[in-house]
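What follows is a single structure, written as structure tokens, with notes after it.
The figures here come from the full heavy-atom set of this structure, side chains too, leaving out hydrogens, waters and symmetry mates.
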Amino acid sequence: MLGIKEIQEIIPHRHPFLLVDCIEELVPGEKAVGYKSVSFDEYFFRGHFPDEPVMPGVLIIEALAQTGAVAILSLEELKGKIAYFGGIKNARFRQKVVPGDRLKLSCEIIKRKGPVGVGKAIAYVGDKVAAEAELTFMIG
């Protein structure tokens, strides 16, 4: 289990933009599974939406990308590098993510050639898929 301190040793994201609270499963270079506990105090709920708080889909995708970044950047040869978005393909949002939800974030690296790769990413609330996408990354 990796906590926030260990995650911050792998990826450069910091509060308020670090969107992964812990990593419970990690196979360096292959897969990571983590969690985000969605609190009513999240900064984005003030404007999205004040009367019906919903986590923005782009931030769910970002949380998935951060989880994938932990997977790829935990490889010894990539320590200290940054994973940048190269593309988002087939993004689908299946259900709302609201305060009180515990978002399970899974990203499996399915392709990698040199500094470019693709992760299959799925976010769950309970056993239901909340969002999914193929995320292309570039290591810089």
Side-chain touch [X]/[Y], heavy atoms, less than 4.5 angstrom:
X    : Y   : answer
V125 : Q95 : yes
R14  : Q8  : yes
I61  : F93 : yes
F44  : V54 : no
M55  : V98 : no
E62  : F17 : yes
S106 : K31 : yes
I11  : L18 : yes

Next on the checklist: Test: salt bridge (Lys or Arg N to Asp or Glu O under 4.0 Å). Region: residues 99-108. Which pairs qualify, not counting sequence neighbours?
Outcome noted: none
Heavy atoms only: give me the nearest [X]-[Y] pair and the separation to one decimal.
X    : Y    : answer
T67  : I23  : CG2-CD1, 4.2 Å
D21  : I4   : O-CG1, 3.4 Å
F137 : I109 : CE2-CD1, 4.0 Å
A123 : I60  : CB-CG2, 3.8 Å
A91  : I88  : CB-CG2, 3.9 Å
I72  : A83  : CG2-CB, 4.5 Å

So if you build clusters from Ile, Leu, Val, Met, Phe, Trp, Tyr with side-chain heavy-atom gaps below 4.5 Å, do [X] and [Y] land together?
X    : Y    : value
F85  : V70  : yes
L2   : L73  : yes
V118 : L105 : no

Within this structure, what is the [atom1]-[atom2] distance for the pair [X] and [Y], rounded to the nearest 0.5 Å?
X    : Y   : atom1 : atom2 : answer
I139 : I82 : CD1   : CD1   : 10.0 Å
L59  : H48 : CG    : NE2   : 8.5 Å
K36  : L64 : NZ    : CG    : 13.0 Å
S74  : K79 : OG    : NZ    : 6.5 Å
R46  : F40 : CZ    : CZ    : 11.0 Å
E76  : L78 : CD    : CG    : 9.5 Å

Going by side-chain hydrogen bond (donor to acceptor under 3.5 Å, both in side chains), name the residues that satisfy it together with [X], two or more places apart in sequence or in a different chain.
X   : result
Y35 : E24
E6  : none
E52 : K96

Checklist entry - Under 6.0 Å from the NZ atom of K5, do we count more than 12 heavy atoms belonging to anything else shown? => result no
Item to check | Of all pairs that satisfy side chain to side chain donor-acceptor pair (under 3.5 Å), the ones with a partner from residues 131-140, not counting sequence neighbours | outcome: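 Every side chain to side chain donor-acceptor pair (under 3.5 Å) pair that includes a residue of residues 131-140, provided the two are not neighbours, is R94-E132.
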Next on the checklist: Donor-acceptor check, side chain of E42 to backbone of S39, threshold 3.5 angstrom: yes or no?
Outcome noted: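 Pair found, side chain donor or acceptor close to backbone of S39.
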Next on the checklist: Any salt bridge linking R112 with E30? Criterion: basic side-chain nitrogen under 4.0 Å from a carboxylate oxygen.
Outcome noted: no
Next on the checklist: Could you list the cluster mates of M1? Members are the ILVMFWY residues connected by side-chain heavy atoms closer than 4.5 Å, either directly or through other members.
Outcome noted: none
